[in-house]
**Student:** 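Pasting a structure here, questions to come.
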Protein chains: 2
Amino acid sequence: MQKKVSSQPRARPRADKERNRARLIAAAKQVFAARGAAASLEQVASEAGVGIGTLYRHFPKRDVLLEAVYRQETDTLVDAADRLMAQQEPVEALREWLLLFVDFIDTKRDMADALNTLIGGPEPLYSGTPSHLASSIEALVDGAIKTGTFRIDIEPLDLLRAIAGVANIRPGQNWKPSAIRMVDLLIRGMQIER
Amino acid sequence: MQKKVSSQPRARPRADKERNRARLIAAAKQVFAARGAAASLEQVASEAGVGIGTLYRHFPKRDVLLEAVYRQETDTLVDAADRLMAQQEPVEALREWLLLFVDFIDTKRDMADALNTLIGGPEPLYSGTPSHLASSIEALVDGAIKTGTFRIDIEPLDLLRAIAGVANIRPGQNWKPSAIRMVDLLIRGMQIER
DNA sequence: CAATATACGGAGGCTTCCTCCGTATATCAA
DNA sequence: TTGATATACGGAGGAAGCCTCCGTATATTG
């Protein structure tokens with residue numbers, strides 16, 4: 001009793017889809033920066049000039065939206081890893097990259113609790129975007145190990161977790177010097193003693 | 001136009017107050033363990049057999065309740081610090097205590113996200129109960145430094161933060177081995193190289 | 001210019017938070 | 001004991017956010 005069985009799939013996705021997605025990311029970046037990562041999603045939607053339903057269609061979970069917002073920034077970090085590995089001695093490259101990671105957290109510290117949510121949740125930033133930060137830190141650590149002066153018996157990502165722990169735990173404070181010193185402490189701990 | 005100006009303050013607080021407080025803590029311990037630290041406070045109240053108003057009167061913020069729930073456990077850690085310092089060589093005492101801290105997180109991992117909330121918030125566990133864990137870890141670190149084989153240029157509490165970072169970030173996983181290795185890594189990093 | 005696959009919007013049901021204030025009760029003085 | 005009253009209790013209800021659902025609108029295609 002069907003009038004028509006055919007269903008011809010669209011050739012390309014509709015234009016408004018991509019446009020709204022972009023708007024939502026921009027709005028989220030702004031709103032999260034202003035009110036923290038726990039900001040109302042309804043607010044993000046209205047800031048973007050779209051309905052709440054549209055937001056949820058594009059980003060089913062808050063995490064997904066946050067990841068999209070940070071994608072660009074993490075891309076920058078990934079690029080930096082490549083650059084450092086090409087230009088620096090391996091251990092120094094790792095050290096500098098970890099310091100960049102500290103800066104990354106610092107820049108976005110407005111949403112420190114956002115990061116916390118991300119990191120703490122079941123879909124953590126660092127495992128949600130494994131191709132991203134994970135592969136970078138792993139490559140850096142590999143390089144350092146190959147020098148023979150370096151050892152590590154934890155997951156490379158745990159380095160980031162430790163740093164994030166030092167940083168995120170105190171949203172308002174000046175945690176940054178502490179985080180920097182933690183980087184050095186970690187490096188020292190991984191250096192093979194002579 | 002007052003009928004009576006006198007106001008005679010009670011000699012001792014009412015009995016029901018303390019009783020309800022105890023009930024609330026017990027209920028919270030149970031509910032948090034079962035449903036995670038984000039569990040509804042209304043649920044805690046009803047489990048305790050008191051009204052929601054009573055809960056809020058006793059514990060104005062979720063943090064305060066969480067802290068009360070953990071008070072006993074952290075007390076245990078504080079005691080352990082004293083014991084270890086008396087019985088062990090300083091650096092070893094620090095190491096063992098950090099491992100106990102890992103266990104502490106592990107035991108309560110049901111509420112891992114609770115810890116996260118606590119730690120991430122503006123009223124963090126470790127600064128909310130400074131007399132507790134803070135003074136313990138500081139004393140341990142002091143002892144280690146006095147041996148002359150040890151140095152540290154970060155806040156002692158940052159050690160806990162790093163460990164918590166490694167642990168809390170992955171609620172469901174088997175993070176414990178990683179955390180243990182992180183303890184050793186940190187210790188190595190603080191050991192003065194020869 | 002249909003026809004129709006896609007996408008949008010936002011009302012509404014649900015949950016939790018937290019305050020406010022009328023009611024109940026423990027304590028004390030006489 | 002008993003009345004007075006300082007204290008504490010309870011829970012209704014307003015506010016806010018989450019997320020789904022489905023009728024409506026629109027981009028795209030032949």
Side-chain angles (χ1 to χ4, degrees), chain A residues 2-28 31-32 34-66 111 113-114 117-118 121-123, chain B residues 2-28 31-32 34-66 111 113-114 117-118 121-123:
Chain A
Q2 304 112 309
K3 284 259 173 101
K4 201 83 168 279
V5 187
S6 86
S7 85
Q8 49 195 82
R10 263 312 94 92
R12 290 187 328 226
R14 283 171 54 157
D16 43 352
K17 186 178 190 180
E18 198 52 33
R19 176 166 41 79
N20 283 334
R21 187 188 148 86
R23 278 186 186 170
L24 279 166
I25 292 179
V31 171
F32 286 157
R35 336 268 284 203
S40 155
L41 294 185
E42 325 234 309
Q43 183 142 182
V44 171
S46 105
E47 182 75 17
V50 306
I52 184 66
T54 299
L55 185 150
Y56 275 97
R57 202 172 319 103
H58 282 279
F59 308 100
K61 313 202 121 216
R62 178 181 294 266
D63 302 24
V64 181
L65 177 54
L66 278 173
M111 27 196 305
D113 41 326
T117 307
L118 260 180
E123 192 68 44
Chain B
Q2 305 112 310
K3 283 259 173 104
K4 203 79 167 283
V5 187
S6 87
S7 85
Q8 49 196 83
R10 274 289 111 88
R12 289 189 329 227
R14 286 171 52 155
D16 43 352
K17 186 178 190 180
E18 198 51 33
R19 177 166 41 79
N20 283 335
R21 186 187 147 86
R23 280 186 185 169
L24 279 166
I25 292 178
V31 172
F32 285 158
R35 335 268 285 205
S40 155
L41 293 184
E42 324 236 306
Q43 183 143 182
V44 171
S46 105
E47 182 75 17
V50 307
I52 184 65
T54 298
L55 183 150
Y56 275 97
R57 202 172 319 104
H58 282 278
F59 308 100
K61 315 201 119 216
R62 180 182 291 266
D63 301 26
V64 182
L65 177 54
L66 278 173
M111 27 195 305
D113 41 325
T117 307
L118 261 179
E123 192 70 42

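Because the structure is a prediction, the values reported are computed rather than measured. Values below: every heavy atom of this structure, side chains too, minus hydrogens, waters and symmetry copies. Residue numbering restarts at 1 for every chain, and letters A, B, ... go by the order of the sequence lines.
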**Student:** Does OP1 or OP2 of C:dG9 have a side-chain N or O of A:Thr54 closer than 4.0 Å?
**Tutor:** yes

**Student:** Kindly indicate whether the side chain of A:Arg62, heavy atoms from C-beta on, has any atom under 4.5 Å from the side chain of A:Leu65.
**Tutor:**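 The answer is no; the side chains never approach within 4.5 Å.
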
**Student:** Just verifying a value: how many Å separate A:Glu18 CD and A:Arg12 CZ, rounded to the nearest 0.5 Å?
**Tutor:** 12.0 Å

**Student:** Between C1' on C:dG12 and CD on A:Glu42, what's the gap in Å once rounded to a whole number?
**Tutor:** 11 Å

**Student:** What integer distance in Å separates A:Asp16:CG from D:dT28:P?
**Tutor:**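 Rounded to whole Å, this separation is 7 Å.
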
**Student:** Where the side chain of A:Ser40 is defined as all heavy atoms beyond and including C-beta, which of C:dC8, C:dT19, D:dC18 is the nearest nucleotide?
**Tutor:** D:dC18

**Student:** With nearest nucleotides of DNA chain C determined for A:Arg57 and B:Arg19 from heavy-atom distances, which residue corresponds to the more 5′ nucleotide?
**Tutor:** A:Arg57

**Student:** Please report the closest heavy-atom contact between B:Leu41 and B:Leu55, naming both atoms and the distance.
**Tutor:**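 So the minimum-distance heavy-atom pair works out to O-CD1, 3.4 Å.
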
**Student:** Where the side chain of B:Arg14 is defined as all heavy atoms beyond and including C-beta, which of D:dC18, C:dC8, D:dA8 is the nearest nucleotide?
**Tutor:**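 Nearest to the side chain of B:Arg14 among the choices is D:dA8.
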
**Student:** Just the rounded figure in Å: distance from P of D:dG17 to CD of A:Glu47.
**Tutor:**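 Checked: the CD to P distance equals 14 Å.
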
**Student:** Counting side-chain heavy atoms from C-beta on, which of C:dC8, D:dA6, C:dC18 comes nearest to A:His58?
**Tutor:**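 Of all the options, the side chain of A:His58 is nearest to C:dC8.
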
**Student:** How many Å lie between CG on A:Leu65 and P on D:dC18, as a whole number?
**Tutor:** 11 Å

**Student:** Without decimals, in angstroms, what is the distance between B:Tyr56 OH and C:dC18 C1'?
**Tutor:** 5 Å

**Student:** Nearest heavy atom decides the nucleotide; on that basis, is B:Gln43 or A:Lys17 closer to the 5' end of DNA chain C?
**Tutor:** A:Lys17

**Student:** Less than 4.5 Å apart, any side-chain heavy atom of B:Glu47 and any of B:Val44?
**Tutor:**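 Heavy-atom side-chain distance check fails, nothing below 4.5 Å.
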
**Student:** Whole-Å distance between C:dT15 C1' and B:Ile52 CD1?
**Tutor:**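 Interatomic distance, CD1 of B:Ile52 to C1' of C:dT15: 13 Å.
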
**Student:** D:dC19 P sits how many Å from A:Arg62 CZ, rounded?
**Tutor:**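 Rounding to the nearest Å, CZ of A:Arg62 and P of D:dC19 are 8 Å apart.
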
**Student:** Write down the distance between CZ (B:Arg23) and P (D:dA8), rounded to a whole number of angstrom.
**Tutor:**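 Checked: the CZ to P distance equals 16 Å.
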
**Student:** Would you say A:Asn20 places a side-chain N or O within less than 4.0 Å of OP1 or OP2 belonging to C:dC8?
**Tutor:** yes

**Student:** Take A:Arg12 and A:Lys61, find for each the nucleotide of DNA chain D with the closest heavy atom, and name the residue whose nucleotide sits nearer the 5' end.
**Tutor:** A:Lys61

**Student:** By nearest atom, which of the nucleotides C:dT27, C:dA7, D:dC19 is closest to the A:Leu41 side chain?
**Tutor:** D:dC19

